[in-house]
J.: 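I am attaching a structure below and will ask some questions about it afterwards.
Reckoned from all heavy atoms, side chains included, excluding hydrogens, waters and symmetry mates. Each chain gets a letter, A, B and so on, in the order its sequence line appears, and its residues count up from 1.
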Amino acid sequence: MSSDGVLVRLEDVQKWFGDLHVLRDVNLAVHPREVLVVIGPSGSGKSTLLRTINLLEEPTEGRVFFEGLELTDVRCDLNAARTQIGMVFQSFNLFPHKTALGNITLALRNVLGLSKEHARARALELLRQVGLEGKADAYPGHLSGGQQQRVAIARALALRPKLMLFDEVTSALDPELIKEVLDVMRALATEFHMTMVVVTHEMGFAREVGDRVIFMDHGRIVEEGPPGQLFEHPQNERTVKFLGQVL
Amino acid sequence: MSTVVETAPDRGFRYVVREQTPLSAASALLGAGALGVLVVGTIGVLTSFGWTPSQQLAEGITSGAQGAVLLVAAALGLAGVALGAWIYRRLPTKPSREGAVAGVVLGAQALVLVGLYWWFRSGNVDVFARNFFEFAILEEFATHFLRAAGNTIILALSGEAIGIAIGLVLSMFALSSRAVVRAPARLYINFFRGTPLLWQLSFFFFGIALGLRINLSAYQVAILVLGLNAGAYSAEIFRAGIQSIERGQFEAARSLGMGYFKAMRLVILPQAVRRVIPPFTNEFVILIKDTSLVAFLGLTFQQQELMSAGREIFQQTFNATGFVATAAGYLVVTLPMIRVVTWLERRMRSGLTGIGA
């Protein structure tokens with residue numbers, strides 16, 4: 001942990017996709033045990049911001065720190081750092097050639113180097129936590145979207161990360177399946193005090209579980225604050241306009 | 001929710017048969033009968049005359065009995081086509097119309113075959129049969145021919161094994177984001193895809209092996225060159241397979257702390273390999289047939305593959321029946337291969353509903 005007690009720090013991050021300026025002057029700090037929710041219109045750069053934290057997107061300029069370690073430094077062991085940062089994707093990205101159990105044990109065996117029995121025990125424990133102990137041998141193709149996403153969460157948690165990134169994880173789900181995924185995330189925040197950065201369109205979840213909400217537009221962090229303040233008394237007119245459209 | 005277990009209505013072959021009207025059934029039976037008479041009658045007539053020696057076979061082909069078989073088949077076929085076409089629009093149901101269509105199509109097939117056979121037997125069948133259908137001479141070459149089939153399989157399998165190894169590595173290079181890594185791979189692939197295999201075989205054997213006095217037999221050079229050549233094609237197949245895997249798979253693997261090669265080995269390649277089985281089958285069948293070009297290098301008797309064996313028989317007997325046997329030999333080798341790979345493909349897909357199954 002860095003001396004200032006910050007888990008993630010983004011300093012003056014700029015990201016360009018060709019001529020498209022998707023992140024502008026982003027400065028951000030995420031504190032341990034904090035649930036940070038990122039909201040904003042489509043194309044505002046919130047997913048890119050999230051993917052910058054574990055360097056799936058490399059910033060064009062600026063620096064990214066995790067536990068005081070500079071990930072943007074080429075000498076940094078990114079693979080080791082990434083085992084500390086779990087990520088869950090909008091489209092699940094489960095490995096279709098592996099069972100639910102195999103999806104979870106793959107990195108345990110091949111990245112952490114756990115024994116077969118140890119990895120299996122940990123994977124089963126996680127499947128139980130997300131309510132899928134009966135689906136250990138099911139392939140992703142035979143699971144519902146909500147079940148797949150819960151396996152994906154278990155897969156990320158299995159490495160015992162210090163930070164979890166959630167990238168619009170309920171956007172690809174049918175309405176009746178969203179709750180089961182949000183319930184798992186809520187438990188993660190309230191019972192396990194996991195540090196989480198959550199990009200979402202679920203405003204109810206943001207208000208209920210988030211400790212802090214940031215609103216992004218055109219690649220910039222426009223406004224941030226506690227959910228109560230940001231949702232009830234937005235200061236910026238773009239925030240007001242966005243919330244007026246989604247709430 | 002209903003507790004009754006539903007069964008889907010039977011719409012299979014039996015159902016279609018049950019739904020036929022007398023006329024549609026008659027048309028289908030006429031068409032099928034025409035083909036049946038043609039095939040069974042011809043085999044019967046030729047067998048009664050004898051398949052060997054070739055004079056007997058030629059006599060059978062040109063016999064009046066064979067002519068009668070053809071005329072009967074043609075008559076049945078014509079009747080099937082006419083009846084089917086005439087009743088089609090008057091039939092009330094889809095399955096019964098299928099019966100009429102079957103009658104027309106089968107009848108037409110019989111007519112085409114009768115026509116071709118009639119044209120064939122009006123030529124100099126005697127000379128043709130003596131040159132291409134003198135099956136008796138194959139007898140003394142039977143063991144040689146079996147060994148040749150084995151050599152064809154050995155050449156194809158070892159070439160493919162080398163090709164897969166080379167292709168796997170090359171495809172990774174070809175997918176690199178670095179131009180300095182990509183360039184040599186492209187050069188290799190384009191060279192081996194852009195020049196004829198026959199040229200490559202001659203160059204490596206006559207040029208490199210003999211010219212530089214490297215102690216390699218034609219057989220060994222052939223395996224090597226077939227492998228190098230297959231490597232170029234395999235690389236392109238692997239590349240397409242790897243590129244067809246969603247980007248999210250790679251990102252998920254990386255986010256779990258896997259490095260590039262670990263993600264490739266554990267996540268991307270296992271999925272890509274399953275996807276490229278069909279194009280690989282295609283490539284492998286082409287490779288089996290391409291082994292015939294090895295005949296050009298001149299193999300020792302023991303090393304001869306099917307094409308060389310056919311040529312060997314021709315040179316010893318001045319009879320082309322060996323080449324007919326060669327074609328049959330290639331079919332005997334390729335068709336089971338295709339079946340095996342189809343079976344393998346189905347087995348590897350089980351459970352993977354997500355992968356275009």
Side-chain angles (χ1 to χ4, degrees), chain A residues 47 50-51 53-58 77-100 102-113 137-143 145 148 151-152 154-161 163-167 172, chain B residues 1 168 171-172 175-181 237-238 240-280 341 343-357:
Chain A
S47 278
L50 194 76
R51 294 157 57 85
I53 294 176
N54 69 352
L55 240 65
L56 276 187
E57 301 294 353
E58 202 179 335
D77 183 355
L78 257 186
N79 293 335
R82 280 179 179 147
T83 61
Q84 306 283 314
I85 308 174
M87 186 159 192
V88 187
F89 301 85
Q90 177 176 358
S91 48
F92 326 140
N93 295 346
L94 287 183
F95 307 135
H97 61 301
K98 296 279 179 193
T99 61
N103 263 276
I104 302 174
T105 53
L106 193 67
L108 292 179
R109 301 267 291 121
N110 295 285
V111 177
L112 296 193
D137 296 322
Y139 283 91
H142 294 142
L143 296 174
Q148 288 191 54
V151 172
R155 177 175 71 178
L157 286 175
L159 298 175
R160 302 200 172 143
L163 169 71
M164 285 287 287
L165 308 175
F166 293 90
D167 188 6
Chain B
M1 197 184 281
L168 209 52
S171 65
M172 301 281 219
L175 283 169
S176 170
S177 57
R178 300 186 176 91
V180 287
V181 178
I237 294 175
F238 277 127
I242 291 168
Q243 281 178 326
S244 76
I245 306 295
E246 300 70 33
R247 185 149 187 78
Q249 290 290 311
F250 191 69
E251 290 180 346
R254 296 308 297 270
S255 78
L256 291 166
M258 295 183 201
Y260 177 90
F261 289 104
K262 223 174 242 185
M264 270 290 169
R265 179 167 61 85
L266 298 170
V267 175
I268 306 299
L269 285 179
Q271 298 181 54
V273 164
R274 287 172 169 89
R275 285 196 193 177
V276 299
I277 289 174
F280 245 109
V341 178
W343 171 81
L344 192 74
E345 186 184 342
R346 220 171 269 156
R347 215 188 63 130
M348 289 182 83
R349 284 245 170 111
S350 62
L352 293 178
T353 48
I355 300 192

J.: Heavy-atom distance under 4.5 Å to chain B: side chain of A:Asn54, backbone, both or neither?
T.: side chain
J.: Taking side chain as everything from C-beta outward and backbone as N, CA, C, O, which of these in A:Leu94 sits under 4.5 Å from a heavy atom of chain B? Side chain, backbone, both or neither.
T.: backbone
J.: Taking the side chain as every heavy atom from C-beta outward, state whether A:Leu106 and A:Arg155 have any pair of such atoms under 4.5 Å apart.
T.: no
J.: Does A:Pro161 reach the side chain of A:Met87, with side-chain heavy atoms less than 4.5 Å apart?
T.: no
J.: Tell me, for B:Glu251 versus chain A, whether the close heavy atoms (under 4.5 Å) come from the side chain, the backbone, both or neither.
T.: both
J.: Got A:Met164 and A:Val88 here, is their nearest side-chain heavy-atom distance under 4.5 Å?
T.: yes
J.: Can you tell me how far apart CG (B:Leu168) and CD1 (B:Ile242) are? Round to the nearest 0.5 Å.
T.: 7.0 Å
J.: How long is the straight-line distance from OH of B:Tyr260 back to CG of A:Asn79, given to the nearest 0.5 Å?
T.: 13.5 Å
J.: Enter the distance from A:His142:NE2 to A:Asp137:CG here, rounded to the nearest 0.5 Å.
T.: 13.0 Å
J.: Measure A:Phe89 against the heavy atoms of chain B and call it side chain, backbone, both or neither at under 4.5 Å.
T.: side chain
J.: Output the option from B:Ser255, B:Ala253, B:Gly259 having the highest count of non-hydrogen pairs under 4.5 Å with chain A.
T.: B:Ser255
J.: Based on non-hydrogen pairs under 4.5 Å, which of A:Leu165, A:Leu159, A:Val111, A:Thr83 is most in contact with chain B?
T.: A:Val111
J.: Counting only heavy atoms closer than 4.5 Å, note whether A:Ile85 contacts chain B via side chain, backbone, both or neither.
T.: backbone
